[in-house]
Structure formats: C-alpha cells, structure tokens
Trainee: 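Here it is: the structure, laid out below.
Since we're looking at a predicted model, the values are computed, not measured.
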Amino acid sequence: MAQDVPATTTAAVTDEQGAIEDVVVTGSRLARTGYETPTPVTVIGEADILSSGQPNIADFVNELPSVSGSSAPSTANRSLSNGAAGISSVNLRSLGNARTLVLLDGRRSVGSLAQGTVDINTFPQSLVKNIEIVTGGAAATYGSDAVSGVVNFILDKKYTGVKFNIEGGETSYGDDQNWQATATAGVPFADGRGHLLFNAESARRDGIYGMHREWADDGWYMVNNPAYQAGNGAPEYLVTNNAGQSVMTPGGIITNTILRGTYFGVGGAVNQFAYGATRDPWTIGGDWQLGQSNQLTSLEPESNRDGVFTRLSWELTDSVSLFGEASWNRNSAKQWGGVQSDKGTITIMADNAFIPASVRQRIAEYNALPSADITQFNLGSSNADIPTRESDNERTVKRFVLGAEGSFLLGSDWKWDTYYQRGVTDAEERLYSANTARLRLAQDAVFHPVTSEIVCRSSIANPGNGCVPFNRMGINVNSPEALAYFMGRPERTQKFQQDVAALNFSTKVSNPWLDPIGVAFGVEYRREEISGYVAPEYQEGWIVGNFLPTFGDYTVREAYLETLVSLPWNLEFNGAARGTDYSTSGFVTTWKAGLTWSPLADLRLRATLSRDIRAPNLEELYQAGRRRTNSLTDPFFNNIAQRFTETTMGNTELQPEKADALGLGLVYQPSFVPGLGLSIDYYDIEIDDAISMVSAQDIVDRCYDGNQTFCAAFTRDPTSDSGNELIITNSPFNFVSERARGLDLEASYRFALSDLGSSLPGNITLRSLATHYIEMSSNNGVDPPTDRAGQNTNGGPPDWQYRLSAAYTLDQLTVQLTGRGISSGTYDNTYVACTSGCPASSALNRTINTNHIDGAFYLDAFIAWTTRTESTRNQIFFKVNNLTDKDPVVVGLGPGDSSNVEPGINRALYDYLGRTFRVGFRIDWGS
C-alpha cells in the first residue's frame with residue numbers, strides 16, 4: 001500500500017492554500033513520496049487520526065486492514081501471569097507483535113514487556129503528525145524485528161505556538177466513560193536558532209467491569225457434543241447457545257457419587273441441578289445459566305495515562321544543530337480477569353464440617369448400604385465467595401535522547417545525524433488471587449474433637465498455623481477473615497533498559513550519465529537488558545501469578561548501506577544491506593533489492609526482494625519460568641476439563657529467524673483524473689527457523705494421538721485434589737517455517753465538487769484501504785502444516801479486512817463517514833463441518849456442526865466545525881462509532897481453556913462496545 005498525502009489532511013491543505021502538497025515519507029533512509037518508493041508505504045495523517053474519535057492512538061492504528069491480531073487491553077485482560085494486561089501493541093500481517101518494529105521518529109523505543117513489545121500509548125499522542133507503515137524489506141533499512149514491517153510514529157518537532165485539546169466520550173449504554181486532555185507549546189528563541197517543545201497529556205478511562213450487554217447472556221459457546229461417540233457419525237464439537245458449565249456453579253456443585261447434581265446456593269441452600277444435554281464439562285439447556293460466569297470479567301479494562309514530553313533544539317552553526325529529548329509516561333491498567341474456575345477439581349472429605357445436614361444424612365444413608373462408602377466427593381465451583389481474579393499493572397517509561405545533525409559544509413549534499421538514547425521501563429505487575437495451598441487447607445474443615453468448633457484439619461495437629469476454615473458449599477457463607485487467610489496480592493517488579501547509539505550519513509553522488517545517486521550508510525549499537533524482583537512468597541502456589549524474576553542481556557552491533565540509483569528506460573534501483581552481530585547468536589546479514597519502472601508517465605511498477613531477520617528477544621532467551629494455571633480438555637479422561645499448570649522456560653539455544661520476502665506492486669495515478677491514486681501490492685514472506693511454542697492443549701492432544709515427542713512435555717500431579725492435574729513444561733523453539741501471503745490495496749480520490757458543476761460547493765476526499773490475507777501457514781516440523789488465513793478467531797486473520805472513508809469539507813464544516821469491515825471466516829481451517837455422517841474426528845481434524853463465522857461491517861460518523869482567524873484555529877467535533885449499534889458476531893469459544901469466563905465473541909476483530917459517542921474541543925494558537 002502507498003499513499004503520498006493523508007486523505008483528510010489534503011482537504012484542509014487544499015482549502016487553505018489552494019494547492020495540494022506532497023508529503024515526504026521515509027520508507028527508506030532516502031526520503032521519497034509514498035507512491036515513488038519500491039517498498040510499499042502507507043501514510044496516515046494527523047487529520048485522519050483526529051477524526052478517528054478513538055480514546056487513544058493505538059485503537060485507531062489497530063483498525064487498519066494491514067494490522068491484525070494486535071494485543072490490546074481488552075484482548076489481554078486474562079493475560080495475568082505474563083504481565084501483558086494493559087498493553088497496546090501493533091501486529092502487522094498477523095505475524096506477531098515481536099515481528100513488527102515500532103519506531104518513534106525513526107528510532108527504537110524501549111519495550112514494556114520482556115518480549116520487547118512497545119506500548120504505543122507511551123508516545124505523545126497529540127504531537128503525532130504522521131504514522132508511516134512500511135511493509136517489506138524493512139530489516140535491512142531499520143534493523144532486526146522488521147520481518148512484517150515497520151510502524152513509524154512521526155512527531156511534529158517544529159510546532160510553534162500553543163494548543164489545547166479536551167475530549168471525552170461514553171457508550172450509548174452509559175458506560176466506559178473516558179476523557180483526555182493535552183497541552184502543547186512550541187517556542188522559538190534566540191532569533192529562531194533555538195526551539196523548545198513541550199507536551200503534557202492525561203487520559204482516564206473507567207472501563208467496563210462485567211459484561212453489561214444482552215448478547216453476553218445468550219450462552220454461545222463451542223462445546224463437546226453430548227451425542228458424539230467415536231464412529232457414530234456425529235460431530236465432536238457443537239457451536240450452540242444456552243450452553244454453560246455442567247461441572248461448576250457459583251456456590252459449588254457435586255460432580256460425582258450418588259450426590260451428583262447437588263448444588264449449593266445462597267446461605268448454603270441445597271438444590272438439584274437440572275441437566276440438559278450434557279457432556280462434561282458442558283450442558284446445553286437445563287440450568288445452563290448457573291454455569292456461566294462471564295459477568296465477573298472486564299469487557300473493557302480501566303486505564304489511566306499521564307505523560308510529559310519535551311524537546312530542545314539549537315542551531316550551533318548554520319550547518320550543525322543539537323537536540324535533546326526527554327519523556328516520562330505512566331500507564332496503569334486495572335481489570336477483572338475472570339473467576340477462579342474449579343471444574344469438579346475440589347475434593348471435599350465426607351467429614352467436612354460445612355456439609356449441610358441434609359447432604360450429610362444422604363451420605364450416611366448411602367454408606368449404611370452394603371459395599372457403599374463415600375469418603376469424599378468432588379465439587380466444582382465458580383467461587384462466588386472468592387473475589388474474581390484482578391490485575392493492576394503500572395508501567396513507567398522514561399526515554400532520553402541526545403543528538404546532533406547537520407551537513408559537512410554549508411550548502412553541501414552531505415547530511416549526517418547521530419544520537420544516543422536510553423530508555424527505561426519500570427513495570428509493576430500486581431494481581432489479586434488465591435493461594436492454592438492455603439485454600440486447600442482452609443476448605444478441609446472439620447469439627448474439633450475436643451471443642452466441637454469448626455477448625456481446619458491442619459490446625460488440630462498444628463494449632464498455631466493460622467488457618468481459617470472456608471466453606472466451599474454455598475454463597476455468602478464466609479467471613480472476610482476466611483478470605484484474608486488465602487487471598488493475596490502476588491506482584492513482580494521488572495526493569496527493561498535499552499541503550500542505543502547511532503551515526504548516519506546520506507548524500508547524493510553526481511555523475512555525468514544519470515541522475516544523482518542517493519547513498520545512505522551508518523552504524524548502530526544497541527544493548528537490551530532485563531532484571532526484576534519477586535518476593536519468595538509470590539513465586540509459587542498461586543492460582544495466577546507465580547512470578548519469577550528474569551535476568552539477562554544482549555548487545556547488537558550493526559552497519560548498513562543503502563543506495564538509490566536511476567537507470568535508463570525509466571528504471572530505478574533501491575538496494576540496502578546490513579550486517580548485524582548479536583552477542584547471543586552471532587553474525588547475520590540482511591539485504592533488500594528494489595526496482596521501480598515507469599513504462600508510462602501515469603504508471604509505476606515496483607518489486608522488492610529482501611532477507612529480513614528477527615533475533616530471539618529477552619523473554620524467549622532468558623525466561624526464568626513463567627507459570628500459569630488454566631484448564632484444558634483432557635482426552636485421556638473422556639475429554640473432561642482438567643486443570644493444568646504450565647511453566648514456560650527460556651531457551652538460550654534459539655537462533656534468529658530468517659525471512660525471505662517478495663513484494664510486487666503497481667501504482668496508477670492517471671493524469672486525466674487529477675487527485676486519483678491507485679495501488680495494489682502482493683507480498684510473500686517465508687520465515688525459516690521461526691520461533692514459537694506449541695499450546696498446552698495441542699501438547700496433550702498430540703500425545704494422546706501417539707506422538708511421543710509431546711508426551712515428554714507433561715506429567716500428572718499426584719498431590720493435586722484429583723491426582724490427575726497436569727504439569728506442563730514448555731519453551732520456545734525454532735520451528736521449521738512460517739509463510740504469509742496477501743494483497744494490499746489502496747485507492748484515494750480528491751476533487752472539488754465544482755468540477756462536477758460550477759455551483760456545487762465544497763470538496764470530497766475518498767479513500768479505501770484493504771488487505772486480503774491469502775495464506776498464514778506454519779510448520780512446526782512435527783504436525784502437518786496448517787494455514788490460519790480466513791480464521792475469524794484469535795488463531796488467524798480473516799480473508800479480508802478493509803476501511804473506507806468519505807469526507808466532505810465546506811468552509812468551516814467537515815463531515816466524514818468511515819466504514820470498516822471484515823469478511824466471514826471459519827473457526828479453524830482444519831475443522832470438518834458436518835451434522836451427520838461425519839468422518840472420524842481427531843486432534844488434527846476435529847468435526848464440528850458449523851465452521852462458519854459471519855463477517856461484519858461498522859459505520860462511523862465524524863462532524864467538525866472549525867473557525868479560523870489569523871492566529872487561532874478552534875474546532876469542536878462530535879464522533880459516533882458503530883453508528884447502527886451493531887452487536888458483535890457470535891464466536892463460540894471453547895471447549896477447553898477457561899472459555900466460560902469470556903463472552904462468546906472475538907474482541908480482537910469485532911466491535912464489542914456498541915455505539916459510542918465522543919465530543920471534544922481543540923484550540924490552536926500556532927502553526
């Protein structure tokens with residue numbers, strides 16, 4: 001994709017100046033306009049950003065079609081143990097956040113996670129004037145991690161004047177109230193030789209605790225089919241509504257023995273569960289609503305941002321200037337991570353003091369029968385008396401830059417720049433969770449043999465252990481003291497430090513035969529380091545958390561050369577090469593060769609071939625042992641829900657990923673239709689030695705199918721309540737390959753309505769962006785390759801994503817409509833859809849009653865009234881997102897994992913908030 005002028009910006013420029021100006025973009029170190037570069041570049045202008053009406057710039061970027069599968073606070077609300085909750089990242093081509101290089105003014109920024117993921121909400125929002133998305137052949141130009149491309153946020157460093165912005169919004173349901181305010185000042189001094197820039201901003205978002213939408217109450221999930229038996233022709237999975245867990249209720253349900261189906265309500269009331277069509281852990285119909293617990297998960301996290309940015313530049317001489325930058329950003333995110341799900345995994349002894357009298361009597365009556373002996377039973381619970389899991393993460397990002405730039409001689413074509421940058425992220429990751437060992441002691445409550453009071457069994461032998469009995473059978477049956485005994489706040493502090501030093505040169509070399517040859521070259525040094533601290537009591541034994549501190553570092557030394565050569569017959573060559581030496585994995589070379597050809601004045605053809613790389617990040621190399629607890633479908637025990645604890649370790653033997661990328665495209669700007677621009681680009685990225693992991697569910701499924709490679713990755717925990725809980729050990733490794741192919745399309749058209757009729761006032765700007773994901777396949781060297789393109793679940797991108805906009809400007813008035821959409825898709829491309837006569841179902845090819853997920857189209861509206869004087873521009877605006885209040889498309893989650901705590905939607909793709917309103921006021925005394 002390519003665009004030389006941001007669409008809505010052009011309208012303003014035309015109105016004020018009467019001519020359209022080209023915007024120079026930096027798809028390479030040699031600046032060109034976007035339609036002229038051999039590497040596709042998409043440019044998003046300031047007006048596009050401002051008219052998006054999003055609470056932050058990250059939400060807007062993630063609407064772009066070439067961006068798919070990014071992490072956002074709403075999609076990472078259950079990323080508790082890895083500390084990712086609250087992060088907003090960018091994922092180009094759906095190849096992963098780690099393969100997208102995020103830059104600020106062409107320079108790296110320190111990550112907010114051990115993976116190096118940059119939280120783009122740490123950038124000064126109101127100073128961003130352009131966003132450039134460079135796809136293909138970017139690693140040779142900008143360095144490692146640019147496998148799928150580069151997203152470069154460019155600041156307005158020459159702003160002069162003062163401007164303020166205040167805006168706020170909420171949904172049509174009256175929730176998710178949010179506001180933000182910014183203040184910016186740019187002051188020249190010393191007759192213009194110096195320039196001081198300052199920006200401060202503050203944003204608050206209340207978020208949405210719970211799922212306060214009607215569509216969240218319908219119980220849409222993917223469940224184990226109650227009618228399925230191997231070989232009977234029924235599908236193994238069903239996507240259905242009115243589904244809920246059969247093995248847990250808010251106050252607990254007995255899941256085995258003659259007491260199966262006995263559940264406990266308010267005050268410990270005893271009830272009988274009405275089973276529908278049941279195949280544990282799911283039931284369809286009956287009392288399915290008792291097994292749904294998504295109301296204790298955040299639909300949208302609460303977030304607070306504060307930031308300060310300042311820049312000072314000074315023209316030391318006519319050919320040399322110095323500059324310094326400093327920024328401080330604090331970003332906090334709070335959210336509910338969902339209830340603690342105990343799916344029939346709680347062991348209650350028959351002498352438990354909290355067992356209601358009626359249930360105790362039934363046990364006694366049964367045990368009086370010959371050969372009958374209930375000594376314990378299993379209980380499942382969504383734990384109404386245990387607070388939902390919470391995360392409260394706060395990150396402070398500091399960034400300091402000192403640099404200089406200039407030319408060797410006054411008027412010379414030689415230009416240079418150099419800088420040193422230090423970035424530091426201090427992350428505090430805090431959770432609210434239960435300690436499993438203490439909870440196990442607390443729930444094993446008995447009558448004291450002497451006093452007859454209810455005590456923990458462990459306190460009889462050890463009276464001073466502090467254990468407080470906890471009743472697992474009922475709602476509102478426990479005291480704050482009982483909770484305080486086993487609830488805690490595991491926390492981890494981490495520090496990420498990035499040091500970068502660079503020196504760059506560029507020039508034009510004259511020759512007698514062709515246009516001047518552009519040359520750029522430079523060197524760069526980078527050091528990445530991670531350290532942290534976790535108190536011993538928070539390192540193990542918690543439902544979520546179990547943090548361990550990670551320590552490690554690596555250094556990178558790089559040198560690059562880029563050239564631009566005009567050739568005969570309207571050909572132009574752009575080439576680059578970079579040598580990179582990693583302290584961890586050695587020396588690698590990246591390169592790019594691009595060619596553009598203009599067979600006609602209005603037509604440009606372009607091709608790029610490149611070798612790009614990504615070295616393993618700090619987490620992949622040095623992860624000390626991140627633990628998470630969840631549940632999966634256990635094929636060894638009739639597909640019941642089984643809890644597992646997964647420990648992920650780093651792998652210092654990892655090698656860099658190597659990607660070979662091909663790009664082919666054309667750009668058409670017909671001279672007979674001024675203002676029209678069209679482009680289409682094909683990309684093909686093949687990654688060798690791709691770094692990834694196999695999911696916990698896949699590990700168990702592949703072992704069940706007989707693959708011994710995966711069987712060695714897990715064991716059973718005999719000390720758990722069931723004796724069958726899984727202990728899984730996992731780590732990243734170099735897969736065989738991954739491949740991504742697709743098409744990027746872009747069209748823009750700008751014209752005055754007077755061109756159609758002299759009496760028609762105003763200007764029209766049209767723009768469309770679309771990406772077609774043809775292939776997104778992976779091969780781990782063990783299983784058959786799988787292609788995720790067309791999956792409308794979190795596993796892959798949809799076939800098509802697109803964004804269309806139409807803007808009308810007339811004097812002070814601007815009106816814009818934006819349509820954004822995705823095509824229909826599948827749950828999983830390996831699934832076999834059938835309702836009867838189904839083939840054999842396996843872990844590699846599950847059978848399912850439907851493998852279709854609808855697409856969606858959303859319409860947004862923006863209206864602004866702008867008044868201008870010689871020195872001031874005032875604007876009031878109103879924005880409506882999802883104008884028709886369209887509900888998200890049903891995406892049944894399941895059947896394993898903790899899908900019961902999530903609504904049946906995919907928040908990474910579909911609009912889940914409903915209609916939202918935003919109003920704001922901007923005043924600008926400057927230029």
Side-chain angles (χ1 to χ4, degrees), residues 26-31 39 98-111 116-118 132 134 137-155 322-325 399-406 408 414-425 496-507 518-530 553-564 574-592 610-618 621 656-659:
T26 55
S28 75
R29 301 282 181 174
L30 303 164
T39 301
R99 293 174 180 147
T100 301
L101 180 58
V102 176
L103 303 175
L104 181 62
D105 276 332
R107 295 188 286 268
R108 292 176 181 264
S109 188
V110 63
T117 303
V118 175
E132 297 174 3
V134 184
T141 300
Y142 291 106
S144 176
D145 304 335
V147 171
S148 57
V150 170
V151 181
N152 190 10
F153 294 82
I154 298 176
L155 305 182
L322 308 176
F323 66 90
E325 295 178 0
R399 180 173 171 271
F400 307 95
V401 184
L402 288 174
E405 56 191 5
F408 286 121
W414 276 95
K415 296 180 180 179
W416 59 271
D417 69 86
T418 184
Y419 69 91
Y420 167 74
Q421 174 180 287
R422 167 165 288 187
V424 178
T425 296
F496 314 113
Q497 182 170 311
Q498 180 189 77
D499 293 276
V500 183
L503 175 62
N504 304 296
F505 298 91
S506 64
T507 188
V519 176
F521 58 92
V523 294
E524 184 174 310
Y525 170 85
R526 177 164 51 98
R527 184 176 185 272
E528 306 271 0
E529 180 182 5
I530 181 174
D553 65 84
Y554 64 82
T555 58
V556 188
R557 294 174 174 84
E558 302 181 90
Y560 74 91
L561 171 67
E562 184 174 3
T563 185
L564 179 68
N574 177 221
R578 177 182 289 259
T580 305
D581 186 18
Y582 286 91
S583 61
T584 51
S585 52
F587 188 84
V588 291
T589 301
T590 55
W591 52 266
K592 175 183 71 173
S610 67
R611 161 61 63 91
D612 305 302
I613 62 104
R614 182 183 79 86
N617 56 49
L618 291 168
L621 289 168
E657 299 178 337
K658 302 177 182 65

Trainee: Would you say the side-chain atoms of Gln421 pair up with the backbone N or O of Arg108, donor to acceptor, closer than 3.5 Å?
Mentor: yes
Trainee: How long is the gap from CG on Leu621 to OG on Ser585, to the nearest 0.5 Å?
Mentor: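 Answer rounded to 0.5 Å: 7.5 Å.
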Trainee: What's the spacing between Glu405 CD and Thr418 OG1 if we round to 0.5 Å?
Mentor: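 The distance works out to 10.5 Å.
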Trainee: Going by heavy atoms in the side chains, are Tyr560 and Thr141 under 4.5 Å from each other?
Mentor: no
Trainee: Counting only N and O atoms by type, is there a donor-acceptor contact under 3.5 Å from the side chain of Asp145 to the main-chain atoms of Leu101?
Mentor: no
Trainee: Got Val401 and Arg107 here, is their nearest side-chain heavy-atom distance under 4.5 Å?
Mentor: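 Yes, at least one pair of side-chain atoms sits under 4.5 Å.
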Trainee: Answer yes or no: is there a side-chain heavy-atom contact under 4.5 Å between Tyr582 and Ser144?
Mentor: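 In short, these two side chains touch, coming nearer than 4.5 Å.
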Trainee: Drop me the distance from Arg578's CZ to Glu524's CD, to the nearest 0.5 angstrom.
Mentor: 6.0 Å
Trainee: Give the minimum heavy-atom separation between Asp553 and Thr584, together with the two atoms involved.
Mentor: O-CG2, 4.4 Å
Trainee: If you round to the nearest 0.5 Å, how far is CZ of Arg526 from CZ of Arg557?
Mentor: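 With rounding to 0.5 Å, CZ (Arg557) is 12.0 Å from CZ (Arg526).
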Trainee: I need the Arg422 CZ to Phe400 CZ distance, nearest 0.5 Å.
Mentor: 9.0 Å
Trainee: Quick one: does any side-chain atom of Thr590 pair with a main-chain N or O of Ile613 as donor and acceptor, under 3.5 Å?
Mentor: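 Here the side-chain-to-backbone pair does not exist.
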Trainee: May I ask you to test the Phe505-Val519 pair for a side-chain heavy-atom distance under 4.5 Å?
Mentor: no
Trainee: In the structure I gave you, are the side-chain heavy atoms of Leu155 and Phe153 within less than 4.5 Å of one another anywhere?
Mentor: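 Side-chain contact under 4.5 Å: no.
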Trainee: Check the pair Asp499 / Tyr420 against side chain to side chain contact (heavy atoms under 4.5 Å, CB included), numbers first and verdict last.
Mentor: CA-CA 8 Å; Asp499 293 276; Tyr420 167 74; 2.5 Å; yes
Trainee: Counting N and O atoms only, with roles assigned by atom type, does the side chain of Thr425 sit under 3.5 Å from a partner on the main chain of Phe496, one being a donor and the other an acceptor?
Mentor: no
Trainee: Just verifying a value: how many Å separate Ile154 CD1 and Leu103 CG, rounded to the nearest 0.5 Å?
Mentor: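 Here the interatomic distance stands at 9.5 Å.
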Trainee: Give me the atom names and distance for the closest heavy-atom approach of Val523 to Ala559.
Mentor: CG1-CB, 4.0 Å
Trainee: Which heavy atom in Ala98 sits nearest to a heavy atom in Asn617, and how many Å separate them?
Mentor: CB-ND2, 4.2 Å
Trainee: Taking the side chain from Asp612 and the backbone from Ala139, do they hold a donor-acceptor pair closer than 3.5 Å?
Mentor: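 Side chain of Asp612 to backbone of Ala139, a donor-acceptor pair under 3.5 Å: yes, one is there.
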Trainee: Measuring only between side-chain heavy atoms, which start at C-beta, is Lys592 closer than 4.5 Å to Asn574?
Mentor: yes
